[in-house]
Number of protein chains: 2
Amino acid sequence: MTISIMANTDILLRFGERVRELRKKRGWTQEAFADYCGLDRTYVGGIERGERNVALRNIEVIAATLEISISQLTKSL
Amino acid sequence: MTISIMANTDILLRFGERVRELRKKRGWTQEAFADYCGLDRTYVGGIERGERNVALRNIEVIAATLEISISQLTKSL
DNA sequence: ATGTGACTTGAAGTCCGTC
DNA sequence: AGACGGACTTCAAGTCACA
């Protein structure tokens, strides 16, 4: 029995899916979102695909851009 | 007026203080905690001093070792 | 509008030690 | 028990051209 649909998959994939979900909910493209974050478009793409082991400072930037706390951003992980 | 005592200070410092607080609450030394995490003792020391921009995989390891979720670990940040 | 490979540079992370 | 330094290796950060 699973707690969440994202349980038991890699943390980077789960984080990426979460970011993508929240970004899309706001109707933003990857490119626009990357601009808001002050990050490169391809870097954000890599995060959403679970290829980047994002560090705390960028996690903070992403949460701030989504206007939620880091705790909320990592809620379902 | 401040929301939290740790607001407006660097995210790395806040994270480090949070880790230190939770580690001490469990009565663990830095070295023992580092061993449990499978990380280097000097690295964990650096994290607690706010000198390390910890990435997601290690945040997950730290949370798991403390037996809490990442969301709980980053609750007060 | 996004995925991907290749790349450089700076920081993550380890291992030795001293105070 | 923990801060801190030097030297080292691995990896995250950040960018680009092209599909």
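Numbers restart at 1 for each chain; the letters A, B, ... are given by sequence-line order, proteins then strands.
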Legend entry - Chi angles and distances behind the side chain to side chain contact (heavy atoms under 4.5 Å, CB included) call for A:Ile70, B:Ile11: CA-CA 10 Å; A:Ile70 295 179; B:Ile11 182 69; 3.6 Å; yes
Legend entry - Derivation of the side chain to side chain contact (heavy atoms under 4.5 Å, CB included) call for A:Ile62 and A:Ile47: CA-CA 11 Å; A:Ile62 288 166; A:Ile47 291 172; 3.9 Å; yes
Inset, instruction - Would you please test B:Asp10 and A:Arg57 for side chain to side chain contact (heavy atoms under 4.5 Å, CB included) and show each step? - result: CA-CA 9 Å; B:Asp10 187 83; A:Arg57 283 206 205 276; 2.8 Å; yes
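For DNA chain D, the neighbouring residues in residues 39-48 of chain A, judged by any heavy atom under 4.0 Å, are A:Leu39, A:Asp40, A:Arg41, A:Thr42, A:Tyr43. Of the residues in residues 56-67 of chain B, not one comes within less than 4.0 Å of DNA chain D through any heavy atom.
Residue A:Glu31 contributes atom CD, which lies 7 Å from atom P of C:dA1 at whole-angstrom precision. Between B:Arg52 atom CZ and C:dA11 atom P the separation is 11 Å, expressed in whole Å.
Taking the six-membered ring where tryptophan is involved, the planes of A:Trp28 and A:Phe33 are essentially parallel, since the angle between them stays under 30° and well short of 60°.
Remark: A:Arg20 is in phosphate contact with C:dG3, judged by side-chain N or O atoms under 4.0 Å from OP1 or OP2.
The distance from the OG1 atom of B:Thr65 to the CG atom of B:Leu22 is 12.0 Å, given to the nearest 0.5 Å. The structure places OG1 of B:Thr29 at 11.0 Å from CZ of B:Arg41, a figure rounded to the nearest 0.5 Å.
A salt bridge links A:Glu48 with A:Arg23: at least one charged nitrogen is closer than 4.0 Å to a carboxylate oxygen. Salt-bridge annotation for B:Glu17 and B:Arg20: absent, with no side-chain N of the basic residue lying under 4.0 Å from a carboxylate O of the acidic one.
Scanning all heavy atoms of the two residues, the minimum distance from B:Leu66 to B:Arg26 falls at O-NH2, 2.9 Å.
Under the 4.5 Å side-chain heavy-atom criterion for Ile, Leu, Val, Met, Phe, Trp and Tyr, B:Val61 and A:Ile59 are members of distinct hydrophobic clusters.
With the nearest nucleotide of DNA chain D identified for both B:Asn53 and B:Lys24, B:Lys24 has the one nearer the 5' end.
Nucleotides of DNA chain D with any atom under 4.0 Å from a heavy atom of chain B span, from 5' to 3', D:dA1 to D:dG5.
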